[in-house]
There are 2 protein chains.
Amino acid sequence: MAEQHELREKGLRLTPQRELVLAAVRELDHATPEEVAERVRLTHPGINLSTVYRNLETLENVGLVQHSHLGHGGATYHAAEVLTHLHLVCGACGAVGGAPIEVAANFVNTLADDYGFKTDVTHFAVYGTCATCAQAEL
Amino acid sequence: MAEQHELREKGLRLTPQRELVLAAVRELDHATPEEVAERVRLTHPGINLSTVYRNLETLENVGLVQHSHLGHGGATYHAAEVLTHLHLVCGACGAVGGAPIEVAANFVNTLADDYGFKTDVTHFAVYGTCATCAQAEL
DNA sequence: GTAGCAAGTGCAAATCTTTCGCAATTAGCA
DNA sequence: TGCTAATTGCGAAAGATTTGCACTTGCTAC
């Protein structure tokens, strides 16, 4: 229950709904707010979608969850602990692959050295064509 | 008017509206559908927003324009000719910087070699903190 | 040059996602 | 146990994008 500490520090409360949202984000991975709500409703049907949105935002401010953009519109959320990989999104089939952050280390360093830009590689997906689809195109 | 060729090939027509949308995308850069519509309306006030959306989609299918994701929700469109740089989006101030594609060459090659993933670095922005904001944080 | 057909347009309404206001509820401190 | 401010639920609002449909109009064939 480390979250209790993070929350209280900022005058925030640990409500059942908030716990459920956090738990759902931790269980699911890359979950949209809608999916989080759905998950939470399995055990707590009455929860409101607004509440999910608000809690995702709150939990993000506190640093317990983060969001990234894997596709078009919506953000997807994941627990802060697990941002250990970057996302490879295939534009052809929609698959989301993963790769360790280290493969981008050089790229990140270059941007830092030459542009003073501190990159968070996990926030936006890396877009392209996955091996399978690239194969199929030939 | 190279576009005439691209369009006809697929049984599509070159309508005034379609030309205007394409012209607007070429003049603007990183334009949202809304901005494209606004631009087109300067010379052709009656154009409908749906038409802009539909034409952006059509032109993208044909390969004359492309879209990328620079921020939260919306896509922004640019002419297919000009994807010569990647986008550095600052999460703190929202500024969109640019960097030549070459800085990512190594990264792209690694992904290709190790994962068979063909990366389109221009499609999604690179997220992080710009030099100015990184400075301010200290 | 003209007719015919399918593609495209305008318009309004429908969706979908996310946000907001507000009254009722409740967690956490004294 | 009581208070106060944070939080929730709910409905409505806002914004973005899509869709159905009747009307219009490129483009091709004659």
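Chain A is the first sequence line, chain B the second, and so forth, proteins listed ahead of strands; every chain is numbered from 1.
A 4.5 Å side-chain heavy-atom check between A:Arg18 and A:Thr58 finds at least one atom pair inside the cut-off. Put simply, the side chain of B:Leu49 reaches to within 4.5 Å of the side chain of B:Glu34, judged on heavy atoms.
The interatomic distance linking A:Leu14 (CG) with C:dG28 (P) rounds to 6 Å, in whole Å. Look at CG on B:Leu56: it is 10 Å from P on D:dT18, rounded to the nearest Å. In this entry the distance linking CG of A:Asn55 with P of C:dA27 reads 13 Å, nearest Å. Distance A:Glu60 CD to C:dT19 P: 11 Å, rounded to the nearest Å. Rounded to whole angstrom, the span from the CD atom of A:Glu35 across to the C1' atom of C:dT17 amounts to 14 Å. The separation between B:Glu9 atom CD and D:dC27 atom P is 15 Å, rounded to whole Å. Atom-to-atom, NE2 of B:His44 to C1' of D:dT24 comes out at 12 Å; the value is rounded to the nearest Å. Here D:dG26 presents its C1' atom at 12 Å from CD of B:Glu19, a figure rounded to the nearest Å.
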For A:Leu22 and A:Glu19, what are the C-alpha separation, side-chain angles and deciding distance, and is it a side-chain contact (heavy atoms from CB on, under 4.5 Å)? CA-CA 5 Å; A:Leu22 180 55; A:Glu19 280 189 290; 5.8 Å; no

Determine whether B:Val89 and B:Val126 satisfy the following criterion, side-chain contact (heavy atoms from CB on, under 4.5 Å), listing intermediate values before the conclusion. CA-CA 6 Å; B:Val89 174; B:Val126 176; over 6 Å; no

Mind running side-chain contact (heavy atoms from CB on, under 4.5 Å) on A:Tyr77 and A:Leu28 for me, showing each step along the way? CA-CA 9 Å; A:Tyr77 288 82; A:Leu28 306 168; over 6 Å; no

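Using a 4.0 Å heavy-atom cutoff across all strands shown, B:Arg8 reaches sugar-phosphate atoms only and no base atom.
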Any N/O pairs under 3.5 Å between the protein and nucleotides 3-7 of chain C? List them or say none.
from  : atom 1 : to      : atom 2 : distance (Å)
C:dA6 : N3     : B:Arg13 : NH2    : 2.5
C:dA7 : O4'    : B:Arg13 : NE     : 3.4
C:dA7 : O4'    : B:Arg13 : NH2    : 3.2
C:dA7 : N3     : B:Arg13 : NH1    : 2.9

Filtered N/O pairs between nucleotides 11-16 of chain D and protein, under 3.5 Å:
from   : atom 1 : to      : atom 2 : distance (Å)
D:dG11 : O6     : A:Ser50 : OG     : 3.3

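Checked by atom type, the side-chain pair B:His44/B:Gln17 shows no donor-acceptor distance below 3.5 Å.
Across all their heavy atoms, B:Gly128 and A:Phe117 have their closest contact at N-CZ, 3.5 Å.
The side chain of A:Thr51 places no N or O atom within less than 4.0 Å of a non-bridging phosphate oxygen (OP1 or OP2) of D:dT8. Taking 4.0 angstrom as the limit, A:Gln17 places a side-chain polar atom (N or O) nearer than this to OP1 or OP2 of D:dG9.
When distances run from any side-chain atom of A:Arg54 to the nucleotides C:dG21, C:dG28, D:dC21, the shortest one goes to C:dG21.
DNA chain C is contacted by both A:Pro33 and A:Thr15; A:Pro33 maps to the nucleotide lying nearer its 5′ end (nearest heavy atom per residue). DNA chain D is contacted by both A:Ile47 and B:Glu57; A:Ile47 maps to the nucleotide lying nearer its 5′ end (nearest heavy atom per residue).
Annotation: B:His123 is in aromatic contact with B:His67 [ring centroid separation under 6.0 Å]. For B:His30 and B:His85, the gap between ring centers is short of 6.0 Å.
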